[in-house]
**Q** 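Dumping the structure here so I can ask a few things about it.
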Amino acid sequence: MSQLLVRGGGSLTGEVAVQGAKNSVLPILAATLLTGGQVELRGCPRLRDVDASIRILKTLGCDARWEGDSLLADTAGLNRCAVSDILMREMRSSAIFLGAILARCGEAEMSYPGGCELGPRPIDLHLAGLRDLGAEIRDSGGMLRCRASRLRGRDLVLSLPSVGATENLMLAACGAEGVTTIANAAREPEIVDLQEFLNACGAAVSGAGTSTVTVVGKRPLHGCTYEIMPDRIVAATYLCAAASAGGEIYLRKARESQLSTVTAVLREAGCVVRADRDGVGCVCRGRLGSVRPVRTAPYPGFPTDAQAVLMAALLRSRGATVFEETIFENRYRHVDELVRMGADIRVAGRVAVVTGTEILRGAPVRCTDLRGGAALCVAALAAEGETSIAEISHIDRGYECIEKDLRTLGADIVRTELTI
Ligand code: UD1
């Protein structure tokens with residue numbers, strides 16, 4: 001087991017390129033199944049969740065291998081339509097494979113993804129939409145058995161703009177006869193990336209990034225070469241790291257248009273954020289100020305995935321900031337760990353109030369989830385002395401090598417083996 005050791009107190013300076021987006025590559029890997037051909041994904045991040053997706057592709061009879069930072073997937077050999085329970089449990093977002101397998105094979109079998117560290121992770125909207133497209137789905141003993149000799153396009157309405165449901169239904173709709181529209185679709189940039197990938201493979205998808213996505217189904221798809229978009233949450237994490245530690249950093253490839261709610265809060269707190277064609281720079285000097293309440297919301301609102309890292313950046317701010325988490329039930333699990341470092345945070349249900357303290361002190365802490373783990377790194381950079389961060393496999397699910405990036409920016413952070 002590894003841990004991260006962070007010696008805080010220094011500021012960050014330098015430039016780093018932002019990795020490819022985890023939340024883009026996972027649905028795109030599922031989408032490769034629709035092509036039955038060879039796909040080259042450039043800028044593909046090497047992450048635990050990507051490895052889990054590769055294992056799913058391989059168990060289905062497909063091939064996937066790395067060539068530098070490109071992932072080459074060949075889904076011509078697909079010969080199974082079932083994903084084992086062990087693989088499903090490795091990655092909660094694996095439900096995204098359901099729509100793609102169903103569209104390609106006419107049947108699919110997988111276990112129910114169940115809850116996760118953020119709370120319940122229902123897929124009722126995914127299943128309702130697939131049923132509306134003509135799939136027969138039996139749910140017994142935690143297993144989902146789906147059949148659809150024919151999927152038929154139609155007008156679907158999501159009761160809430162779920163990212164995963166929008167993506168799953170876009171994939172299934174590619175295999176449906178006729179036209180499907182998805183109303184109240186999620187508008188996240190990763191959905192636009194999925195649309196661009198599908199269209200590069202010959203699909204006819206439009207409207208991604210707006211609330212209505214339209215898919216003309218049954219177009220013959222082929223392989224392609226595609227560059228994964230930069231990870232806006234990784235970019236948000238490093239901006240918050242600079243806000244926490246102070247200093248001046250530049251994130252190559254980061255796109256401010258996808259980060260505007262995060263950069264607006266950082267500016268309000270006193271950072272200078274400047275974007276140009278190639279990336280986003282951030283200068284932070286002195287203690288930050290508190291900011292108006294931060295309420296997480298579906299895109300283009302403030303991302304729930306950036307809540308923990310922003311909270312960590314504000315631990316030493318002047319004044320108090322209120323957070324309201326509206327997307328997931330259990331998204332304050334990092335708070336107890338931050339409190340060990342001297343943070344003043346009160347949680348009541350979906351609301352957390354952070355009152356800035358002058359000093360944070362390094363402490364032994366452990367990651368409770370992916371973004372909560374990143375928040376511990378952000379806080380540790382501003383803490384006096386050493387922080388040891390355990391259970392970092394959570395962080396590795398979403399950051400290619402967080403310590404390398406932060407070291408490039410001048411942080412004192414190393415990965416070591418944990419001796420018990
Ligand atoms: C995706 C992201 C995750 C991010 C989240 C919200 C990926 C791989 N993960 O997760 O990092 O935090 O979007 O931006 O892209 N819901 C239902 N029924 C459903 C589906 C969702 O009630 O069938 C609820 C969820 O419990 C949650 C809310 O809808 O409260 C949003 O979930 P959703 O947008 O689906 O998130 P994910 O796609 O799972």
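Counting starts at 1 for both ligands and their atoms, in listed order.
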**Q** So, is K22 polar-close to ligand 1, with some N/O to N/O distance under 3.5 Å?
**A**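 For ligand 1, there is no N or O atom that lies under 3.5 Å from one belonging to K22.
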**Q** Considering only heavy atoms from C-beta outward, does the side chain of R397 approach that of K22 to under 4.5 Å?
**A**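 Touching, per the 4.5 Å side-chain cut-off.
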**Q** Give the atoms of ligand 1, by number and element, whose distance to some non-hydrogen atom of G164 is under 4.0 Å.
**A**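 So the answer, numbered in order with elements, is 35 (O), 38 (O).
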**Q** What protein heavy atom is closest to atom 10 (O) of ligand 1, reported as residue, atom name and distance in Å?
**A**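 It is R121 NH2, 3.1 Å.
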**Q** Please state which part of L160 comes within less than 4.0 Å of ligand 1, counting heavy atoms only: side chain, backbone, both or neither.
**A**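 It is the side chain that gets close, since no backbone atom is under 4.0 Å.
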**Q** Would you tell me whether E325 and T304 have side-chain atoms, one donor and one acceptor, within less than 3.5 Å of each other?
**A**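 Yes - a donor-acceptor pair under 3.5 Å links their side chains.
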**Q** So, for A235 and L259, which heavy atoms are closest and what is the spacing to 0.1 Å?
**A**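 Heavy-atom minimum between the residues: CB-CD1, 3.9 Å.
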**Q** Establish, from distance only, whether the side-chain atoms of Y112 and D85 form a donor-acceptor pair under 3.5 Å.
**A**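 Per modelled atom types, Y112 and D85 side chains form no pair under 3.5 Å.
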**Q** What is the minimum heavy-atom distance between I56 and T59, and which atoms define it?
**A**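 Taking I56 first and T59 second, the nearest heavy atoms are O-CG2, 2.9 Å.
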**Q** Of the listed options (P122, G129, A297), which comes nearest to atom 16 (N) of ligand 1 when hydrogens are ignored and any heavy atom counts?
**A**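 Answer by nearest heavy atom: P122.
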**Q** To check your reading of the model: name the closest protein heavy atom to atom 35 (O) of ligand 1, its residue, and the distance in Å.
**A**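 Checking every protein heavy atom, the shortest distance to atom 35 (O) of ligand 1 gives S162 OG, 2.6 Å.
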**Q** Could you tell me the residue and atom name of the protein heavy atom closest to atom 23 (O) of ligand 1, and the distance to it rounded to 0.1 Å?
**A**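 Checking every protein heavy atom, the shortest distance to atom 23 (O) of ligand 1 gives L125 N, 2.8 Å.
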**Q** Tell me whether the rings of Y399 and Y238 are parallel (<30°), tilted (30 to 60°) or perpendicular (>60°).
**A**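 Tilted, since the angle between the ring planes falls between 30° and 60°.
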**Q** What protein heavy atom is closest to atom 27 (C) of ligand 1, reported as residue, atom name and distance in Å?
**A**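 Answer for atom 27 (C) of ligand 1: I327 O, 3.5 Å.
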**Q** Judged by non-hydrogen atoms, does H126 sit under 4.0 Å from ligand 1?
**A**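 Heavy atoms of H126 do come under 4.0 Å of ligand 1.
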**Q** Could you tell me whether the side chains of D155 and T181 share a donor-acceptor contact shorter than 3.5 Å?
**A**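 Per modelled atom types, D155 and T181 side chains form a pair under 3.5 Å.
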**Q** Which part of F328 is near ligand 1, with near meaning a heavy atom under 4.0 Å away: side chain, backbone, both or neither?
**A**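 Within the 4.0 Å criterion, F328 contacts ligand 1 through side-chain atoms alone.
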**Q** Taking the side chain as C-beta and beyond, is there a heavy-atom pair between L409 and E15 under 4.5 Å?
**A**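 They are not in side-chain contact.
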**Q** Measure D124 to ligand 1 on non-hydrogen atoms and call it side chain, backbone, both or neither using the 4.0 Å cut-off.
**A**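 Both backbone and side chain.
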**Q** Where's the contact between T304 and ligand 1, heavy-atom distance under 4.0 Å: side chain, backbone, both or neither?
**A**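 The answer is the side chain.
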**Q** Kindly say whether Y299 contributes a backbone atom to a donor-acceptor pair with the side chain of E188 at under 3.5 angstrom?
**A**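 Present.
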**Q** Among protein heavy atoms, which lies nearest atom 1 (C) of ligand 1, and at what distance?
**A**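 Closest protein heavy atom to atom 1 (C) of ligand 1: V163 CB, 4.0 Å.
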**Q** Pull out every atom of ligand 1 sitting under 4.0 Å from any heavy atom of R331, numbered as shown with elements.
**A**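 Every atom of ligand 1 under 4.0 Å from some heavy atom of R331: 12 (O).
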**Q** Below the 3.5 angstrom mark, is there an N/O of E167, backbone or side chain, next to an N/O of ligand 1?
**A**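 No, no N or O pair falls under 3.5 Å.
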**Q** Which one of D305, D369, T368, T296 satisfies the side chain to side chain donor-acceptor pair (under 3.5 Å) criterion with R331?
**A**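 Answer after filtering D305, D369, T368, T296: D305.
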**Q** Where is the nearest protein heavy atom to atom 3 (C) of ligand 1: which residue, which atom, and how far?
**A**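 Its nearest protein heavy-atom neighbour is D305 OD2, 3.6 Å.
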**Q** Going by side chain to side chain contact (heavy atoms under 4.5 Å, CB included), L133 matches just one of E177, R154, R150. Which one?
**A**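 Of the listed residues E177, R154, R150, the side chain to side chain contact (heavy atoms under 4.5 Å, CB included) partner of L133 is R154.
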**Q** Does the N or O separation between L26 and ligand 1 drop below 3.5 Å for any pair?
**A**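 No, since none of the N or O atoms of L26 sits under 3.5 Å from an N or O of ligand 1.
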**Q** What protein heavy atom sits nearest atom 2 (C) of ligand 1, and how far off is it?
**A**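 Its nearest protein heavy-atom neighbour is N23 ND2, 3.4 Å.
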